[in-house]
Structure formats: C-alpha cells, structure tokens
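As the structure is a computational prediction, the values presented were derived from the model and not from experiment. Residue numbering restarts at 1 for every chain, and letters A, B, ... go by the order of the sequence lines.
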Amino acid sequence: MDRAQFYKEVYSITKEIPYGNVFTYGKIAQLIGNPQYSRMVGQALSHAPKEEDLPCHRIVNSQGRLVPSWQKQKELLEKEGITFKRNGCVNMSKHLWDITGSLTSTIGISPTSATWQ
DNA sequence: AGTTTGACTCCCT
DNA sequence: TAGGGAGCCAAAC
C-alpha cells in the first residue's frame with residue numbers, strides 16, 4: 001500500500017466515525033493494515049483538508065491518556081455526548097467506536113487484511 | 001544525506 | 001488512572 005492510499009483510507013475511516021463516538025490513531029492504522037503507522041495517521045489528519053469535513057476531534061490517542069492533542073477538542077467532544085474523567089481523560093471505554101458492528105464496506109476495506117481485536 | 005520533530009503506541013512503574 | 005521511556009515511520013530542516 002502506498003502512502004496516498006494510506007491517507008485516503010484514514011480520511012474515509014475518520015469520516016465514518018458516528019456522532020458521539022471516538023476512535024484512536026492506532027485503531028485506524030490497524031484497521032488499514034499497518035498497526036505501526038499510528039503516527040502517520042496523526043500526520044494524515046494534520047494536513048487533512050478542511051473541506052473534507054473530517055471529524056478529527058473524535059480521534060484520540062490509544063487509551064485517552066493525555067489530551068487528544070488539542071485540549072480544545074475536548075469541549076467539542078463533550079458537546080457530542082462524550083464523557084470525560086475529572087482530569088480530562090476521555091472515557092473511550094464507553095464511546096470507542098465499535099467498528100466490528102458498524103461494518104466497513106463503505107470505505108472498501110478488506111476485513112481479511114485487517115487484524116482487528 | 002544525516003538529524004530533528006511530531007495530532008502515536010506499548011510497556012513498566 | 002497517571003507519568004515517563006523506548007520504539008516507530010515519514011516529513012521537514
């Protein structure tokens with residue numbers, strides 16, 4: 001898979017994140033088939049064109065550890081119904097996007113190539 | 001062409 | 001749950 005394709009997949013997945021749910025960089029990378037490319041996912045989103053309507057604020061790091069990257073997005077997430085811990089860690093245990101039930105045919109990803117769970 | 005940096009993740013404490 | 005360190009890849013310098 002080339003880099004352009006990787007970016008494309010990242011954008012597609014990001015756009016498919018339902019309202020009130022969050023997702024992680026690593027999960028996306030894993031979903032595409034490159035679990036080690038977690039950082040690239042972040043970079044892909046960093047130059048993601050705004051006209052693409054990417055809900056990048058729904059993307060957080062693996063465990064909701066530190067801030068998602070910008071603490072500003074935390075407030076946006078709260079508006080969507082995402083709950084946070086007192087310190088600011090996103091409660092992704094509840095709001096993590098269950099992609100296994102959401103189906104991935106819309107983005108044209110082969111479940112066989114991706115090693116989820 | 002080598003070094004630094006970043007919207008990361010995993011492991012351990 | 002929180003915090004620090006090592007590993008990771010690609011782009012920027």
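Here the C1' atom of nucleotide dA7(B) and the CZ atom of Phe23(A) are 16 Å apart, to the nearest Å. Atom CZ of Arg39(A) and atom P of dC8(B) are 7 Å apart (whole Å). Taking atom CD of residue Gln43(A) and atom P of nucleotide dT9(B), one finds them 13 Å apart after rounding to whole Å. Rounded to an integer number of Å, the gap from Ile28(A) CD1 to dC8(B) P is 12 Å.
Taking every nucleotide of DNA chain C with any atom under 4.0 Å from a non-hydrogen atom of chain A, the first and last of them, 5' to 3', are dA2(C) to dA11(C).
The ring-ring contact (aromatic ring centres under 6.0 Å, His included) analysis of residues 25-44 of chain A, with sequence neighbours excluded, yields the pairs Phe6(A)-Tyr37(A). Applying the side-chain hydrogen bond (donor to acceptor under 3.5 Å, both in side chains) test to pairs two or more places apart or on separate chains, those with a residue in residues 73-84 of chain A are His57(A)-Glu80(A), Arg58(A)-Glu80(A), Thr83(A)-His95(A).
Enclosure of atom CG in Asn91(A) by more than 12 non-hydrogen atoms of other residues, nucleotides or ligands within 6.0 angstrom is indicated.
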Distance-only donor-acceptor pairs under 3.5 Å for side chains of residues 38-49 of chain A, two or more places apart:
from	atom 1	to	atom 2	distance (Å)
Ser46(A)	OG	Gln43(A)	O	2.4
His47(A)	NE2	Gln43(A)	O	3.3

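Every residue was checked against the side-chain hydrogen bond (donor to acceptor under 3.5 Å, both in side chains) condition with Lys8(A), not counting sequence neighbours, and none meets it. A search for salt bridge (Lys or Arg N to Asp or Glu O under 4.0 Å) contacts involving Lys15(A) returns Glu52(A), not counting sequence neighbours.
Nucleotides of DNA chain C nearest to Ser93(A) and Tyr37(A) differ in position, and the one nearer the 5' end is that of Ser93(A). A residue-by-residue look at Thr24(A) and Met40(A) shows that Met40(A) has its nearest nucleotide of DNA chain B further toward the 5' end.
Among the atoms of the strands shown, only primed sugar atoms or phosphate atoms (P, OP1, OP2) are found under 4.0 Å from some heavy atom of Cys89(A).
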